[in-house]
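All figures in this text were calculated on a predicted structure; none of them were measured in a lab.
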Amino acid sequence: MKNIFTITVGPLAENCYVVYDEEDKRALLFDPGDDADEIVDALAKRSLSPIGIVLTHAHFDHIGAIPALVMRYGIPVWCPSEDIPLYLSPENGMPPWYPAVKDLPVPTEEPWPDFGFRRLATPGHTPGGSSYYFADEGFVITGDTLFADSVGRTDFPGGSETALMDSIKSVLFALPNKTLVYPGHGPKTTIGIERMNPYFGEF
């Protein structure tokens, strides 16, 4: 079985998730956005061995700790192919307040790590926006697609409100109501709770 915990990092209070195997202590880091030292300390405290980094999308607040973590652990980075141009470009920042992340390692697209999850294409916030569904454990990591009582912005380069709403209604709302939602910012929720939000109409 896999377990999950949250490390909230950076000036935008982004949720980095660590999903780990309770038996062999292997771990994946989802969206390590900042505060690499804090992430390292959390892994060491639990005696976890990271085997890779997985991204829901490539905005600066979700990728900022990658250079330091890859330098320390020598682990690969999985990025949705549609977001690799964003990952490697100055548009991954928010100038002049937040510059683009530099010294990022070249990411890999395939094969995705065999760690008990299914990658769901959920574009809209970015072209490559992805969610990661752990069916056996009953949770999904949604990045900035779906939040508790809110949705991701679509006014950044490559964003699409139409695509975002389709991702939520057609992909995420196809999951069981009891599925826990771990979003990129803010508290966790469930698919059932969000399905009842009047913002989405009748579901």
How far apart are the closest heavy atoms of P176 and I191, and which atoms are they? O-CB, 3.5 Å
Does the pair V19 and N3 meet the rule for a side chain to side chain contact (heavy atoms under 4.5 Å, CB included), with working shown? CA-CA 6 Å; V19 180; N3 209 336; over 6 Å; no
Can you pull the salt bridge (Lys or Arg N to Asp or Glu O under 4.0 Å) pairs that have at least one residue in residues 113-123, sequence neighbours excluded? none
Can you name the residues that form a salt bridge (Lys or Arg N to Asp or Glu O under 4.0 Å) with R153, not counting sequence neighbours? D155
Test your reading of the model: is there a side-chain donor-acceptor pair from T190 to the backbone of T179, 3.5 Å cut-off? no
Closest non-hydrogen atom pair between S167 and P123, with its separation: OG-O, 2.6 Å
May I ask you to decide if G33's main-chain N or O and E14's side chain share a donor-acceptor pair within less than 3.5 Å? yes
Tell me the closest heavy-atom pair linking L69 and P32, and the distance in Å. CD1-CB, 3.5 Å
Single-linkage hydrophobic cluster V151~V181, side-chain heavy atoms < 4.5 angstrom: yes
Kindly indicate, with the supporting measurements, whether the criterion side chain to side chain contact (heavy atoms under 4.5 Å, CB included) is fulfilled by F60 and L12. CA-CA 10 Å; F60 75 97; L12 300 186; 3.6 Å; yes
Given 3.5 Å as the limit, does a donor-acceptor pair link the side chain of D21 with the main chain of E23, or not? yes
Do you reckon I4 sits in the same ILVMFWY cluster as L180, going by side-chain contacts under 4.5 Å, direct or chained? yes
Whether the side chain of H57 engages the backbone of G128 through a donor-acceptor N/O pair (distance < 3.5 Å, no angle test) should be reported. no
Near E22 CD, under 6.0 Å, is it more than 12 heavy atoms from other residues, nucleotides or ligands? yes
Hydrophobic side-chain clustering at under 4.5 Å (ILVMFWY, transitive links): who's grouped with M1? Put none if nobody. none
Applying side-chain hydrogen bond (donor to acceptor under 3.5 Å, both in side chains) to D35 and not counting sequence neighbours gives none
I need the F115 CZ to Y132 OH distance, nearest 0.5 Å. 14.0 Å
By side-chain hydrogen bond (donor to acceptor under 3.5 Å, both in side chains), which residues pair with S160, not counting sequence neighbours? none
Considering only residues two or more places apart or on different chains, which pairs with a residue in residues 94-105 satisfy side chain to side chain donor-acceptor pair (under 3.5 Å)? none
Distance from L55 atom CG to C79 atom SG, nearest 0.5 Å? 5.0 Å
Just so I know, are the side chains of T189 and P183 near enough to count as touching, which here means a heavy-atom distance under 4.5 Å? no
Quick one: does R195's side chain have a donor or acceptor within less than 3.5 Å of a partner on F173's backbone? yes
Count I, L, V, M, F, W, Y as connected when their side-chain heavy atoms are under 4.5 Å apart, and connections chain through other members. Are L86 and L164 then in the same cluster? no
May I have the step-by-step check of side chain to side chain contact (heavy atoms under 4.5 Å, CB included) for I63 and L104, ending in yes or no? CA-CA 9 Å; I63 65 176; L104 288 163; 3.7 Å; yes
Residues sharing M196's hydrophobic cluster, by side-chain heavy-atom contacts under 4.5 Å among ILVMFWY, directly or via others? none
Do F117 and Y133 have ring centroids that are under 6.0 Å from one another? no
Do the side chain of D34 and the main chain of D61 share a donor and acceptor less than 3.5 angstrom apart? no
Considering only distance and modelled atom types, tabulate donor-acceptor pairs under 3.5 Å from the side chains of residues 134-148, sequence neighbours left out.
from, atom 1, to, atom 2, distance (Å)
E137, OE2, K2, N, 2.9
T142, OG1, L146, O, 2.9
D144, OD1, H62, NE2, 3.2
D144, OD2, H62, NE2, 3.2
D144, OD2, H125, NE2, 3.4
T145, OG1, T122, O, 3.3

Show every donor-acceptor pair shorter than 3.5 Å between a side-chain atom in residues 36-53 and any protein atom, with sequence neighbours excluded, or say none if there are none.
from, atom 1, to, atom 2, distance (Å)
R46, NH1, A42, O, 3.2

What residues, two or more places apart in sequence or in another chain, satisfy side-chain contact (heavy atoms from CB on, under 4.5 Å) together with M165? E161, K169, Y199, F200
Going by the rule side-chain hydrogen bond (donor to acceptor under 3.5 Å, both in side chains), which residues pair with N15 if we only count those two or more places apart in sequence or in a different chain? T8, Y17
Which pairs, with at least one residue in residues 71-89 and sequence neighbours excluded, count as a side chain to side chain donor-acceptor pair (under 3.5 Å)? D83-T126
Nearest non-hydrogen partners of A100 and N92, listed with the distance: CA-OD1, 3.2 Å
Looking at side-chain heavy atoms only, is the closest gap between S130 and L120 below 4.5 Å? no
Cluster check V9, L28: I/L/V/M/F/W/Y, side chain < 4.5 angstrom: no
Name of the residue among V106, T108, V70 meeting side chain to side chain contact (heavy atoms under 4.5 Å, CB included) with V77: V70
Note, W112 side chain near P80 side chain (heavy atom, < 4.5 Å): yes
Do F30 and Y182 have side-chain heavy atoms sitting under 4.5 Å apart? no
Between S131 and L172, does the side chain to side chain contact (heavy atoms under 4.5 Å, CB included) criterion hold? Intermediate values first, please. CA-CA 8 Å; S131 299; L172 294 178; 3.9 Å; yes
